[in-house]
*Asks:* 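Quick one: the structure is below, questions incoming.
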Amino acid sequence: MNLFALLALAAVICAASGYDLSITYPVQTSAITSGDTISVTWTIATQPSGYSKVDVYLLPVDSFSPSLAKYDVSVNDLSTQFEIKGSIPSGQYWIALVEASASTIQGYSPKKNGEDIATLGFQITREGCQSHSECGSTQYCDNQGYCYDCSACSTSLDAFDGNCPVKCGGSVSFGVGDRLPDMPEPEAIGTFKDVIMPGTPRHNELTTYSGSTSIDYAATTSTSYPKIMSKRLDDKLTNLANLVKTTNAFLQYEASLLIVESYVVAPANVDKDTVSYHMEGRAIKFELVCPSYYSYQCKNVVLIGELARLASNAGFDWVTLLDQKTVYASVSEDKCKSPIDLVFLLDSSGSINNPQWGGVPNQFEEKSLGFVKAMIPSFDVGSGDNETRIGVATFSSSSRVEFHLNKYFTESEMLTAVDNIQYMSQGTRTSLALKLVREQMMLVSRGMRDESKGIPRVIIVVTDGKANNGYSPQAEAAKLHALNYNVFAIGVGTGPNVDELKAIATDPDDDYMYLLKSFAEIFDILDDISSQACDSTAKLECDTQSISLSIEQGYFSYFYVEGTGKHIDVSVSASTGNANVFASQTSTTPGPFSDDTISVIGSETVKVLPVTTTGNVYVSVQGVNSTNTITVTAECLKDTPTTITATETTTPTTRTIPWWLLPTKTTATFTTVTTKSSVTSTISSVTVTTVTTTRTTFTKTTNTGTSNTKTTTTKTRTTTTKTTTT
């Protein structure tokens with residue numbers, strides 16, 4: 001629907017008749033608060049003919065300023081939901097369902113006497129501040145109606161009108177090279193794990209995008225697939241497409257998105273300097289496209305900068321502007337495939353819901369519990385050793401176990417149980433809550449797995465206030481850390497004591513502590529904290545512990561060995577399948593493309609990785625075959641480190657390029673065998689020498705003539721490299 005049709009919509013609605021759809025909610029008596037989610041429901045009065053989808057419009061009564069709230073909604077869904085944006089002013093509103101392909105109204109509400117459009121609509125009320133002038137001299141009004149410190153305006157990008165006021169420095173344009181958030185990409189979305197190759201389980205987890213019909217794509221090639229991406233990337237792209245279609249800055253130029261690049265197949269010679277998140281399906285490049293009569297406006301670099309900001313608002317975890325027309329965005333990993341034992345500890349004190357103490361009615365139910373409900377689908381939950389278990393506790397003046405780790409093993413059961421959690425109110429006795437988790441929840445009898453399983457133990461604490469006198473968390477938090485639990489601390493608003501949060505959180509604070517300006521931001525950290533929790537490490541005790549586990553092909557499990565000042569031999573043996581092993585002093589999730597990483601890979605089912613270090617050693621084990629049963633041990637030695645001298649030859653890998661990607665009647669096959677020899681591995685003070693020989697055979701077969709005579713050409717290339725590191 002173009003701009004002129006939008007302006008005419010409010011007039012047309014008064015005269016339209018013969019509607020196919022009858023809206024049952026909202027009605028004239030409905031009252032919605034900005035920031036809330038509205039559910040629009042309808043019935044089918046007449047079976048639609050020639051269309052199957054509608055766009056949902058929100059119209060101020062007696063106004064010619066309709067706004068698109070949701071698009072491409074299936075008629076047969078009979079309902080849809082969208083958030084009433086904080087920038088929408090208080091007033092009376094209508095809802096209209098518009099045939100997407102023909103801009104024809106097929107349903108509206110409220111009605112008067114069941115027929116004519118009402119002179120009054122349903123009520124939308126915007127709570128809190130409605131302008132920047134209502135806030136203090138160093139504050140701005142955000143999209144939830146809160147007055148907040150100016151320092152957050154340019155980073156949160158949540159001003160109620162989309163612009164930071166002059167008193168907060170104004171809105172600074174987003175330029176080439178700028179980043180949101182302003183940090184290196186791996187810090188924002190997690191480390192790169194490994195390339196995803198076609199035909200592997202990780203590749204099967206990717207999806208083909210089909211969320212919006214208004215997106216164009218660059219051509220697919222044998223190595224570049226613009227429509228293939230991770231499910232999380234798919235979700236954020238749908239959000240962005242909706243925002244582009246409903247934001248006036250882009251709507252006025254009839255702008256849409258062009259996906260330039262998404263999933264890319266890694267070349268055979270990829271290394272840590274050339275690898276990219278495209279090779280995991282977690283990154284995307286896109287541009288704006290407009291009709292020819294708006295092509296000049298569409299190339300405006302300021303508008304492209306706004307597109308980058310919009311991508312951040314859509315939920316992409318990291319965004320940058322590559323050049324004057326191309327935006328790059330990336331996301332954290334999809335659903336966690338690594339098992340963890342996870343406990344949520346939620347502050348349920350009076351300051352959450354009670355306005356008298358600075359709370360907001362129903363905030364605990366909608367935000368705190370909503371956060372847990374949104375986190376649960378990020379994990380493969382279940383009772384098996386390869387699945388995640390989840391428990392929940394709440395606290396106020398007292399503490400309460402809501403459900404243990406072994407209570408529920410399906411997503412639906414957990415979501416129902418969370419809905420049934422009751423708000424407590426009263427004080428904030430944080431130390432008692434941490435003690436409750438340690439003494440009553442983190443027990444094998446209550447569902448926590450034994451240490452021999454090597455499953456990380458994770459606690460996520462959410463609080464909006466300072467602990468009551470005599471109930472500070474420091475001592476109890478130290479006991480949790482001594483038990484090797486990974487503890488995340490989320491502080492919300494201005495109430496939490498930062499020193500208390502630092503004491504609760506596992507070190508380093510940058511990874512395990514979050515400070516949010518309000519509960520409205522808690523859903524913004526979902527992707528990051530679920531990814532961080534998924535990558536948590538389990539402690540591997542020297543000389544005394546043997547961990548047995550199963551790992552899917554291409555996926556990792558993470559451990560750490562506490563530094564002892566001795567030489568450490570990390571041993572990995574496979575009773576079924578095989579595994580690669582990586583170690584690092586600096587990266588908690590080492591992999592084939594990490595810095596400061598040593599590894600043993602190849603066909604041997606028993607691998608020993610010797611390490612000399614006084615600090616912690618971080619170890620990752622990666623499944624190689626379709627089924628991998630692995631045992632991991634660590635031996636701390638007083639004598640000189642073990643020296644590995646091995647020859648490892650990979651199983652020949654064959655990649656056939658199909659005929660439809662090559663000239664007519666031609667197929668090509670690459671067969672690669674890699675041999676590594678003379679491997680001596682330690683992290684510090686010992687030389688690491690690797691000699692790698694790669695032999696690639698290229699075979700091309702061409703059918704010639706009408707008799708299908710085959711001509712075969714074979715070429716072999718051998719490459720030998722030697723790498724020495726001290």
Side-chain angles (χ1 to χ4, degrees), residues 52-53 55 70-74 100-101 185 189 192-246 250 254-267 270 274-291 298 304 307-308 310-312 314-323 325-335 337 527 554 655-662:
S52 61
K53 293 185 177 182
D55 297 334
K70 201 78 178 283
Y71 73 99
D72 281 353
V73 178
S74 173
S101 57
E185 187 177 15
I189 72 168
F192 183 92
K193 300 298 175 59
D194 198 1
V195 298
I196 295 178
M197 299 304 292
T200 62
R202 291 183 73 205
H203 186 268
N204 295 338
E205 293 286 336
L206 300 179
T207 185
T208 300
Y209 185 77
S210 59
S212 173
T213 57
S214 63
I215 293 179
D216 294 321
Y217 306 88
T220 296
T221 70
S222 61
T223 58
S224 179
Y225 297 84
K227 285 189 175 183
I228 294 180
M229 61 194 69
S230 71
K231 292 181 177 64
R232 183 164 280 162
L233 196 65
D234 179 296
D235 178 60
K236 307 311 178 187
L237 180 58
T238 297
N239 291 347
L240 178 61
N242 190 42
L243 286 173
V244 168
K245 199 169 180 179
T246 59
F250 305 96
E254 301 177 35
S256 59
L257 295 174
L258 170 66
I259 307 305
V260 178
E261 190 172 77
S262 183
Y263 169 65
V264 172
V265 179
V270 66
T274 58
V275 76
S276 78
Y277 287 97
H278 290 291
M279 298 171 191
E280 284 189 315
R282 292 205 276 146
I284 194 168
K285 295 177 185 176
F286 53 88
E287 301 173 359
L288 271 185
V289 290
C290 300
C298 209
I304 304 303
L307 178 63
L310 203 65
S312 181
F316 287 98
D317 298 310
W318 195 77
V319 180
T320 189
L321 197 57
L322 295 179
D323 52 43
K325 66 175 184 178
T326 309
V327 179
Y328 172 97
S330 55
V331 296
S332 302
E333 287 189 284
D334 275 348
K335 176 180 283 194
K337 302 293 286 187
D527 292 348
R655 180 162 63 98
T656 299
I657 301 177
W659 59 268
W660 60 85
L661 297 177
L662 291 170

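All values derive from a computational prediction rather than experimental measurement.
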*Asks:* Among Lys231, Arg232, Lys193, find the one that has a salt bridge (charged side-chain N to carboxylate O under 4.0 Å, His left out) with Glu333.
*Replies:*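 Result for salt bridge (charged side-chain N to carboxylate O under 4.0 Å, His left out) with Glu333: Lys193.
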*Asks:* So does Ala283 get a backbone contact from the side chain of His278, meaning a donor-acceptor N/O pair under 3.5 Å?
*Replies:*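 Yes; at least one donor-acceptor contact below 3.5 Å.
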*Asks:* Does atom NZ (Lys325) have a neighbourhood of more than 12 heavy atoms from anything else shown, all under 6.0 Å?
*Replies:*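 Count not over threshold, so no.
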*Asks:* How long is the span from the CG atom in Asp234 to the OG1 atom in Thr207, to the nearest 0.5 Å?
*Replies:*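 Answer for the CG-OG1 pair, Asp234 versus Thr207, is 5.0 Å.
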*Asks:* For the residue pair Leu206 and Leu233, establish whether any side-chain heavy-atom pair is separated by less than 4.5 Å.
*Replies:* no
*Asks:* State, yes or no, whether a side-chain contact exists between Thr208 and Tyr225 at a heavy-atom distance under 4.5 Å.
*Replies:* no
*Asks:* Please identify which of these residues, Ile196, Val270, Asp194, meets the side chain to side chain contact (heavy atoms under 4.5 Å, CB included) condition with Met279.
*Replies:*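 Testing Met279 for a side chain to side chain contact (heavy atoms under 4.5 Å, CB included) against Ile196, Val270, Asp194 leaves exactly one candidate, Val270.
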*Asks:* Report yes if some heavy atom in the side chain of Tyr328 is under 4.5 Å from a heavy atom in the side chain of Lys285; otherwise report no.
*Replies:* yes
*Asks:* Could you pull out the closest heavy-atom pair between Ile228 and Ser262, with the gap in Å?
*Replies:* O-OG, 2.8 Å
*Asks:* Partners of Phe286 by ring-ring contact (aromatic ring centres under 6.0 Å, His included), sequence neighbours excluded?
*Replies:* none
*Asks:* Between Ile304 and Cys298, which heavy-atom pair has the shortest distance, and what is it?
*Replies:* CD1-O, 3.6 Å
*Asks:* State, with a plain yes or no, whether a side-chain heavy atom of Tyr263 is found less than 4.5 Å away from one of Pro198.
*Replies:*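 Yes, at least one pair of side-chain atoms sits under 4.5 Å.
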*Asks:* Is the shortest side-chain heavy-atom distance between Val331 and Asp235 below 4.5 Å?
*Replies:*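 Answer no - side chains too far apart.
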*Asks:* Between Glu261 and Ser224, which heavy-atom pair has the shortest distance, and what is it?
*Replies:*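 Closest approach of Glu261 to Ser224: CG-OG, 4.2 Å.
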*Asks:* How long is the span from the CG atom in Leu257 to the CG atom in Leu288, to the nearest 0.5 Å?
*Replies:*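 Leu257 CG to Leu288 CG: 6.5 Å, rounded to 0.5 Å.
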*Asks:* Ignoring hydrogens and geometry, is there a side-chain-to-backbone donor-acceptor pair from Thr326 to Asp323 under 3.5 Å?
*Replies:*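 No, because the side chain of Thr326 does not come within donor-acceptor range (under 3.5 Å) of the backbone of Asp323.
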*Asks:* What is the distance from atom CD1 of Ile259 to atom CD1 of Ile284, rounded to the nearest 0.5 Å?
*Replies:*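 So the gap between those two atoms works out to 4.0 Å.
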*Asks:* If you compare all heavy atoms of Val319 against all heavy atoms of Val327, which two are closest, and at what distance to 0.1 Å?
*Replies:*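 Looks like CG1-CG1, 3.8 Å.
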*Asks:* Taking all heavy atoms of Asp317 and all of Ser332, pick out the closest pair and write down the distance.
*Replies:*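 Scanning both residues completely, I find the closest heavy atoms to be OD2-N, 2.7 Å.
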*Asks:* Starting from the C-alpha separation in whole Å, work towards a yes-or-no answer on side chain to side chain contact (heavy atoms under 4.5 Å, CB included) for Arg202 and Lys337.
*Replies:* CA-CA 10 Å; Arg202 291 183 73 205; Lys337 302 293 286 187; over 6 Å; no
*Asks:* Does Arg282 offer a backbone N or O that forms a donor-acceptor pair with the side chain of Ser330 under 3.5 Å?
*Replies:*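 No, Ser330 side chain to Arg282 backbone: no donor-acceptor pair under 3.5 Å.
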*Asks:* Thr238 and Tyr209: side-chain donor and acceptor closer than 3.5 Å?
*Replies:*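 Indeed, the side chains of Thr238 and Tyr209 share at least one donor-acceptor pair under 3.5 Å.
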*Asks:* Does the side chain of Asp334 reach to within under 4.5 Å of the side chain of Glu205, using non-hydrogen atoms?
*Replies:*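 When only atoms from C-beta onward are counted, Glu205 and Asp334 do not touch, as no gap falls below 4.5 Å.
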*Asks:* I'd like to know if the side chain of Thr221 and the backbone of Thr223 have a donor-acceptor N/O pair within less than 3.5 Å.
*Replies:*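 Present.
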*Asks:* Specify the closest pair of heavy atoms between Trp318 and Ile189, including all atoms of both residues, with the distance to one decimal.
*Replies:* CB-CG2, 3.9 Å
*Asks:* Looking at side-chain heavy atoms only, is the closest gap between Val260 and Glu287 below 4.5 Å?
*Replies:* yes
